[in-house]
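Here is the structure we will look at, set down as structure tokens.
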Protein chains: 2
Amino acid sequence: MATIKDVAKMAGVSISTVSYALNNHAKVSKKTKQKIMDAARQLNYQKNGLASDLKKNSTRTIAIIVTDLAGPHYAELVKGIQEVTLSKGYDLLACSSVGEETSTAVKFLTEKRVDGAIVLSHNIDEDIIIQSARKEFPIILLDRKVDSDFVVSIEVDNEEGCHMAAEYLIEQGHRDIAFISGNSIGSLHVQRVRGYESALRKHGLDGKSRLHQFGLFNQDNGYSMTKMLIAQGNLPTAIMYANDEMAIGGIKAFKEYGIEIPSDVSIIGFDDIELAQYVRPALTTVMQPKYERGALAAHLIFQILEGQDTQDYYKFSTQLVLRDSVQKRKE
Amino acid sequence: MATIKDVAKMAGVSISTVSYALNNHAKVSKKTKQKIMDAARQLNYQKNGLASDLKKNSTRTIAIIVTDLAGPHYAELVKGIQEVTLSKGYDLLACSSVGEETSTAVKFLTEKRVDGAIVLSHNIDEDIIIQSARKEFPIILLDRKVDSDFVVSIEVDNEEGCHMAAEYLIEQGHRDIAFISGNSIGSLHVQRVRGYESALRKHGLDGKSRLHQFGLFNQDNGYSMTKMLIAQGNLPTAIMYANDEMAIGGIKAFKEYGIEIPSDVSIIGFDDIELAQYVRPALTTVMQPKYERGALAAHLIFQILEGQDTQDYYKFSTQLVLRDSVQKRKE
DNA sequence: CTGTTAGCGCTTTCAA
DNA sequence: TTGAAAGCGCTAACAG
């Protein structure tokens with residue numbers, strides 16, 4: 001791994017000049033700076049944050065200490081990761097990618113502050129991942145595919161899951177099935193849409209016209225989009241939501257309008273988050289293995305660190321969870 | 001802040017010997033080791049984890065990268081912390097205290113890996129907190145009171161909250177009110193119990209006999225304890241739970257027995273977690289400010305770091321949230 | 001068993 | 001504008 005020293009040698013300048021250049025201390029001439037930057041890029045130089053923090057005697061980071069990192073919607077997933085990591089005697093810490101390029105996440109991916117990373121986040125640039133991954137720093141991606149050395153992807157068969165869900169609805173006699181989703185950036189959601197469309201096509205139905213993709217994948221947006229759908233009139237008899245959160249927003253919207261689930265409209269979610277079983281009606285949804293994926297992710301990190309070979313792609317399958325939000329279509 | 005050098009000087013040995021002793025490299029004689037340990041204790045020596053990681057070229061820690069640290073039951077709280085931290089240009093990372101003395105949390109509290117900590121966790125030894133806090137490393141404690149320099153506590157008026165909840169139940173005509181709680185280690189829960197008891201006493205009722213304290217403060221235990229209560233017969237007309245999670249476990253137990261809430265029994269929780277509004281019946285509970293407490297915690301860190309004075313104790317008040325799990329007692 | 005010493009990779013003062 | 005050099009706090013090879 002290249003250090004500041006290597007960059008200095010390659011650029012033909014001193015270490016201190018490199019340090020100044022890298023930290024934008026205006027006193028470096030444009031020309032030297034350019035040389036240094038080029039060298040750094042060529043060597044794929046990555047700063048050692050520990051060394052710089054040690055020298056500066058400051059980390060500029062705050063820890064928040066919780067009893068258990070599990071607890072969020074990805075609770076089960078984190079639990080799997082946590083148990084494996086702990087059993088290996090490693091530490092686990094969570095950081096977020098809010099802030100994009102300057103986020104804590106990017107800092108941890110690029111500054112040798114940790115020995116490996118599991119990424120659940122979709123707003124991390126692919127380049128950063130590719131640049132950072134190496135044998136001593138494996139990166140595991142969840143719900144996202146990037147093809148590069150020392151990065152392995154773990155996905156869930158979203159297409160199959162949605163296909164299955166749509167077919168189930170069709171079996172229940174539904175013919176007019178809408179799909180409510182957000183702006184899909186990640187592959188995750190394009191796969192879900194694809195599963196929906198392929199099922200409808202297979203049964204000679206038209207999905208395209210009933211596809212609503214806009215905004216975020218959260219409750220609020222599920223709520224808004226459902227209200228829009230209601231306002232347009234001509235309600236479908238069933239709605240698939242891109243995920244449970246959006247579906248739960250939808251339930252709220254229908255409740256406000258006095259539209260009954262499932263007698264007036266059937267709905268189905270995706271993920272099987274904890275809340276899904278508590279909302280009324282309990283949400284029928286597509287479950288994806290969580291604990292197992294987390295545990296696998298952690299295992300893979302250690303396998304790579306130990307120099308063992310792994311596949312570079314894993315796919316888990318999904319399962320329909322029948323609860324109370326879908327009803328057979330009355331003729 | 002004492003370093004390994006200071007310890008060496010004080011113990012009258014070389015730094016390498018100190019390093020060996022501190023890391024249990026068996027080759028150090030019992031006597032020297034004792035001298036070193038004593039010196040370390042006297043100087044309140046704390047290892048610099050960055051330096052050692054830098055030297056060893058390994059951190060033995062894995063990062064898990066999430067879109068947003070908010071998401072768990074403490075979602076709102078974390079959100080408050082996150083926004084303030086980000087606005088100051090600091091990084092925020094979460095780590096857990098599972099593993100007790102050897103947990104990641106302890107490592108971060110004691111090894112200068114971060115510049116401050118906000119502790120939401122109750123299983124962190126008070127001594128560790130007192131030893132670690134200093135001007136350059138302030139510690140903010142939530143729901144827990146420790147009196148020491150550079151540690152500030154932020155509590156919620158739990159006693160008032162429970163007192164209020166109990167009085168509300170009494171107003172609704174309830175006379176037989178049970179309290180279900182876990183083994184209280186922290187002050188948090190003794191305060192809650194106290195609020196309950198003081199309200200009952202004030203109205204000439206006996207709380208003692210109806211107090212059930214056992215096990216953890218989670219759903220499973222709420223479920224079990226409720227079932228025990230049912231099995232004993234002689235059900236109270238109202239139950240207060242130490243927190244929402246336990247109350248939700250209780251709801252599940254009652255459902256299994258076909259006992260209706262609130263017509264057969266009224267229940268009330270504490271915290272107002274997200275789930276509380278979704279369970280059926282929606283849970284009446286005591287709300288505590290979350291976002292505000294988080295934001296305050298983060299602000300305090302920076303105030304202390306900047307050398308400003310702060311109070312060493314803050315208390316927020318609570319508010320009753322009326323939903324559907326309490327009913328007026330029919331005569 | 002203990003001490004000397006060379007660095008880990010970086011920042012920053014001081015001198016050129 | 002650039003470079004030399006000291007040193008952050010620690011570990012570990014080596015010598016004694």
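Quick note on labels: first sequence line is chain A, next is B, and so on, each numbered from 1.
Each of V28(A) and A51(A) was assigned the nucleotide of DNA chain D with the nearest heavy atom; the assignment lying further toward the 5' end belongs to V28(A).
Rounded to a whole Å, the CD1 atom of I4(A) is 15 Å from the C1' atom of dC8(D). Counting to the nearest Å, the C1' atom of dG9(D) and the CG atom of N48(A) are 14 Å from each other. Put simply, CD on Q34(A) is 16 Å from P on dT1(D), counting in whole angstrom units. Taking atom CG of residue D53(B) and atom P of nucleotide dC10(C), one finds them 15 Å apart after rounding to whole Å. Summarising the geometry, the separation between CG on L22(B) and C1' on dC10(D) is reported as 11 Å, rounded to the nearest angstrom. If you take CD1 of I36(B) and C1' of dT2(C), they are 9 Å apart, rounded to a whole angstrom.
Looking only at side-chain heavy atoms (C-beta outward), L141(A) and V152(A) stay at 4.5 Å or farther from each other. Here the side chains of I118(A) and L142(A) are in contact, with some heavy-atom distance below 4.5 Å. With a 4.5 Å cut-off on side-chain heavy atoms, M37(A) and L22(A) count as touching. Side-chain contact between F302(A) and V84(A) is present, with heavy atoms from C-beta onward closer than 4.5 Å. Residues L296(B) and Y314(B) have side chains in contact (heavy-atom distance under 4.5 Å, counting atoms from C-beta outward). Side-chain contact between T3(A) and D6(A) is present, with at least one heavy-atom pair separated by less than 4.5 Å.
Ranking dC8(D), dT11(C), dC10(D) by closeness to the K5(B) side chain, first place goes to dC8(D). Looking at the side chain of L54(A), the nearest of the listed nucleotides dG9(C), dT2(C), dC10(D) is dG9(C). With dC10(D), dT1(D), dC10(C) as the choices, the nucleotide that has an atom nearest any side-chain atom of S29(A) turns out to be dT1(D).
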List every contact pair, protein side and nucleotides 12-16 of chain D side both N or O, where the distance is under 3.5 Å.
from	atom 1	to	atom 2	distance (Å)
dA13(D)	N7	Y20(B)	OH	3.4
dA13(D)	N6	Y20(B)	OH	3.1

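Counting only residues at least two apart or in different chains, side-chain hydrogen bond (donor to acceptor under 3.5 Å, both in side chains) contacts with residues 138-151 of chain B comprise D143(B)-R293(B).
Residue S14(A) places at least one side-chain N or O under 4.0 Å from the OP1 or OP2 atom of dG3(D).
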